[in-house]
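Here is the structure we will look at.
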Amino acid sequence: WKKSITCYGKINYSPNGSMEANIIADEFPKIMRRLHFDNPSLILKEFKKAGLLDYEAGKNYRKRQITKAGGVVFVNVVKFP
């Protein structure tokens, strides 16, 4: 019997000690609301202003492949220096 796993994204670690969280864009607002943040768009805007969001021009997301078997998905990439 195989257990189903829900994937919300992927965490990447770099050799210099920094980290980035690739959170599936559709899941980001749900996660923020579960954490009692009423305005996920404002959070992304503040991350962008602080230089913590890696994004495509004019968007709050980036296209990434987060699993070896999966295709490309839209993710919110939050950088942690």
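Keep in mind that what you see is a predicted model, and the values were worked out from it rather than measured.
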Show the nearest heavy-atom pair for residues [X] and [Y], with the distance to one decimal.
X	Y	answer
K63	V72	CB-CG1, 3.5 Å
A25	N76	CA-OD1, 3.4 Å
I66	C7	CD1-SG, 3.9 Å

**Request:** Check N39, L44, I43 against S41 for a side chain to side chain contact (heavy atoms under 4.5 Å, CB included) and give me the one that passes.
**Result:** N39
**Asked** Just wondering, more than 12 heavy atoms not from D26 lying within 6.0 Å of its CG?
**Response** no
**Request:** Any pair with a residue in residues 7-39 that passes ring pair (Phe, Tyr, Trp, His ring centres under 6.0 Å), sequence neighbours left out, goes on the list, sorted by first then second residue, please.
**Result:** none
**Prompt:** Is the closest side-chain heavy-atom distance between P81 and L52 below 4.5 Å?
**Reply:** yes
**Message:** Is any side-chain heavy atom of E20 closer than 4.5 Å to one of F80?
**Reply:** no
**Fill in**
Residue pairs passing the side-chain hydrogen bond (donor to acceptor under 3.5 Å, both in side chains) test with at least one member in residues 51-60, sequence neighbours excluded, are K48-N60, D54-R62, D54-R64
In terms of hydrophobic clusters joined by side-chain contacts under 4.5 Å, are [X] and [Y] together?
X	Y	value
I23	M19	yes
I24	V77	yes
L35	F47	yes

